Amino acid sequence: MRMRRILGLVLAAATLAGVSAVGAVGAGAASSPNISRDDCTAAGGQIISRPYAGDACALPEGTTQAIT
């Protein structure tokens with residue numbers, strides 16, 4: 001009985017650690033990095049103006065990043 005309890009706690013801790021690691025990676029990927037005008041044009045991107053949102057860089061692969 002004691003062994004089952006210990007194994008259950010170890011399994012719960014490992015599951016919680018795995019879920020928090022996946023959440024941290026997902027949150028990092030979801031945030032959009034900023035790019036400079038020079039980096040945008042060097043990467044083959046186009047600078048676009050967005051009303052009330054400032055300028056952005058439209059990259060060839062289809063992503064859009066805010067310009068710093």
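No experiment lies behind these values; they were computed from the predicted model shown.
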**Item:** With Ser36, the side-chain hydrogen bond (donor to acceptor under 3.5 Å, both in side chains) member among Asp38, Asp39, Asn34
**Value:** Asp39

**Item:** For Ile47 against Cys40, the heavy-atom pair lying closest together
**Value:** CG1-SG, 4.1 Å

**CG on Leu59 to OG1 on Thr64, rounded to 0.5 Å** = 7.5 Å

**Item:** Which atom of Ile48 lies closest to which atom of Ala58, heavy atoms considered
**Value:** CD1-CB, 4.3 Å

**Asked** At their closest point, which heavy atom of Gly44 faces which heavy atom of Pro60, and how far apart are they?
**Response** O-CG, 3.5 Å

**Message:** Give me each pair satisfying side chain to side chain donor-acceptor pair (under 3.5 Å) with a member in residues 46-56, each pair once, sequence neighbours excluded.
**Reply:** Arg37-Asp55, Ser49-Asp55

**Request:** Please report the closest heavy-atom contact between Ile35 and Cys57, naming both atoms and the distance.
**Result:** CG2-CB, 3.8 Å

